[in-house]
Amino acid sequence: MSLAEAVRTHVREHRSGMLTDLLFALAWVTVVSVLFDVLDGPQWAFYLCMGAGVVAYFGFFASVEAASEKR
């Protein structure tokens, strides 16, 4: 299997999850960027909030998974 075939297979199998990940990332970056444009906060806080997106991502999807398991 070539690399291109492997990538196509991976994308085909994980399409909806990859789209969800992309939309979460775009929303997070947009909100943080707009917030810091309006507030004109320090650069270190901007990077801290961007990094917090990783924690927010895993926390959000862990809670969604936990809620769906309780059904």
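Because the structure is predicted, anything quoted here is derived from the model rather than measured. Sequential numbering from 1 along the given sequence is applied to the chain's residues.
Looking only at distances, a side-chain donor or acceptor of W28 sits under 3.5 Å from a matching main-chain atom of C49. Here the side chain of S33 pairs no donor or acceptor atom with the backbone of T30 at under 3.5 angstrom.
Hydrophobic clustering, with ILVMFWY side chains joined whenever heavy atoms are under 4.5 angstrom apart, groups V29 together with F36. Tracing side-chain contacts under 4.5 Å through hydrophobic residues (I, L, V, M, F, W, Y), one never reaches V64 starting from L19; they form parts of separate clusters. With hydrophobic clusters built from ILVMFWY side chains whose heavy atoms lie under 4.5 angstrom apart, F58 shares a cluster with V32.
At a threshold of 4.5 Å between non-hydrogen side-chain atoms, the residues E65 and F61 do not count as touching. Counting heavy atoms from C-beta outward, E5 and R8 have side chains that approach closer than 4.5 Å.
The CZ atom of F46 sits 12.0 Å away from atom CG of D40, with the distance rounded to the nearest 0.5 Å.
Between Y57 and F24, the ring planes are perpendicular. Angles over 60° get that label, and only those under 30° would be called parallel.
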